[in-house]
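Atoms within each ligand, like the ligands themselves, are counted from 1 in listed order. On a predicted model such as this, the values are computed, not experimentally measured, just so you know.
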Amino acid sequence: MKENILIVEDEFIVANDLKIKLTKAGYAVCGIAASVKEAEQLIDKHKPTWVLLDIFLLNDSKGTDLAPLLAAKNIGFIYISANTNQSVLETAKATNPYGFLVKPFREKDLLIMLDIATQKHQHNLQIQQQREQIFRTQLEGLAFSRGSLEDNTKKLPAIIQNFIPFDVLRIILPSRAVTDHIAFARTGYEEYQTFIENDFAALLGTGGRDFAQNKADLLDLGGSELLRGTDYRRTLLDDIFEKQLSAHFRLLSRISLTLKLKKGPCTLAFYSRNEDTYSENHLNLLRRSSASFESMLQHLTEDKSGVAPVRRDAQLKKITETKAPAVETKFDGIIGKSRSLLTVLDQIDMVATSPTSVLITGESGTGKERIAQCIHKMSPREKNALVVVNCAALPSNLVESELFGHEKGAFTGAIDRRIGKFEQANGGTIFLDEVGELPLDAQVKLLRVLQEMEFERVGSNKPIKVDVRVIAATNRNLEKEVAEGRFRLDLYYRLNVFPIFIPPLRERKDDIGMLVKSFIDKFAQKTGRPVTGISTGAVNQLKLYNWPGNIRELEHFIERQVLIKGEGIIEQISVPQSASGAVVTQTAQQTPAGSFKTMEEMEAEYIVQVLKSCQGRIGGPGGAAEILGLPTSTLHSRIKKLGIKREFSAD
Ligand SMILES: Nc1ncnc2c1ncn2[C@@H]1O[C@H](COP(=O)(O)OP(=O)(O)OP(=O)(O)O)[C@@H](O)[C@H]1O
């Protein structure tokens, strides 16, 4: 079925031209709006399935302001704008559009983008419906489960987390139920601390009266509510308990739903440390799932067993002592429990099993390649190849032949047929590392492959079809690259279907302790030196440093410490003092007395020195590669391996 499209565009000629093109291609155009207000009216009236949305509209209104309404109504949208400055692109990206077309555009590009976008939207809607169905079945499963109250309550937070993310979840129950308050605070991937009744108030050091008042207010809410930013902060002004709760767990937003149980109202309150975790979509999901929540909670809180409530309360308390299985088993080799890493793990879990393209962004050394490996391993393609392509190290004249292969004699030097990376990855996954470094002409070819999964080897015109899942990564700001004309917008949208951002280590210092312990074990084993641990004081020292080279830098640093210490527990540590992020390796003065620099440290220092002397230029005449007598690609991979910051290299 062809889509019913609303055009939101204030330039009449452009809008009319669009209408003609779309109608000719078989789409129905239900209207043209010149402002957000007009668009809202036409959406109500004509119920379009798609919207083409200009950004700067009549009466100073902005297309991006319409996006939340479109998302809430599950209407797909694509931006069309002549303005591609970085802040416009960033605001547009935050609204999750299906695409962005820069005016003027070719008719063909519009129709291809619309075609891909509508397929993707259909697919997303189907997945969403299936997920919702699973969610409701799991909730209702608890209602009919024969498991003990303890077992069922233990399963609850993990089931809910998959659909409605939270850092803290509170269930405020009618006072005549078996307990009147259960709270779960997330402490690990599938680890929660459970608080029953007044445990929660005791944790926060709040008086019983404030706690009781807060519970009563939440039960009185009725319906559903989404509070974030200033709206959430306003509720803290006259609610002492909520204020202490928010301060203790650093909470910034709340979404709630009040239900009707037989014994009275019950409110579910979800809290997040991020201001923008919750959207209208979550509210809608909560509303649509209220019957399933009600039957599950009815079952969990009714005292059918004949066991006195006090006894059941004691049973529930046992839950707080149960430990969930280690996360590392599921997310192979990914260490850490910080809130921001847990968000990344949730995203991996969400996307791994589907064929969706993923774009991983984050500074150098944050673990992008590690995450890509993990997604591949958790996908149904696990048994097939994961082919890694370092786009920065591809010689520009050979990009095409590396990616798509070549026939014998295709060009001087092509002495044999060569199978390209896309063919090698058939049935599996291709990981395009440092995709932001790809030259523009190669970007065009990559786009075509991503759209059609079809290409020809260089020197052949026989098309080859492949089935490859694409994961790309970059430490560049791609929006900026697009705005400055170095990266194609259409390719950006093709890759950015499911973005995962990995925060730098300095923003997740909670992970440092676990990472350090695992690196000590790894290097103690590798080097045969019996170093067994690290003191808390030394870990705290490590937390004071900014880690500009992120986990890779921390890993190298611990490797050196294991060599220096040789055995026992690392008690003293000397970390680089600079918070500016400019330190790559320890300087001579910072090297602990009696120890020597490793070869890697010296090599890194030397490379940095050379890079500085040629203003960071790696390739070309007078570049660092020439001075060092190394092929450019080898130097790129040494730079990566040694954790040398990008700021030292300009290309
Ligand atoms: N969460 C983690 N737990 C344990 N080790 C990690 C984690 N994240 C990254 N590492 C380790 O840190 C090092 C750097 O990771 P990786 O190469 O994946 O980073 P990257 O972001 O791809 O870097 P670049 O942008 O330079 O390519 C690797 O040795 C990797 O194994």
Give every donor-acceptor pair under 3.5 Å between a side-chain atom in residues 447-454 and any protein atom, sequence neighbours left out.
{"from": "R448", "atom 1": "NE", "to": "E452", "atom 2": "OE1", "distance (Å)": "3.4"}
{"from": "R448", "atom 1": "NH2", "to": "E456", "atom 2": "OE2", "distance (Å)": "3.3"}

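Ring-plane geometry between Y278 and H282 is classed as perpendicular, the angle between the planes exceeding 60 degrees on a 0 to 90 degree scale with a lower cut at 30.
Within the 3.5 Å criterion, the main-chain N or O of T277 finds no donor-acceptor partner in the side chain of N274.
Closer than 4.0 angstrom to ligand 1 by heavy atom are G333, I334, I335, E363, S364, G365, T366, G367, K368, E369, R370, D433, N475, L515, F519, I551, R552, E555, K640, sorted by chain and number.
The pair D510-R508 does not count as a salt bridge, with every side-chain nitrogen at least 4.0 angstrom from each carboxylate oxygen. Salt bridge annotation for E191-K337: present, with a cationic side-chain nitrogen under 4.0 angstrom from a carboxylate oxygen. Salt-bridge formation is detected for the pair E437/R476: a Lys NZ or Arg NE/NH1/NH2 atom is positioned less than 4.0 Å from an Asp or Glu carboxylate oxygen.
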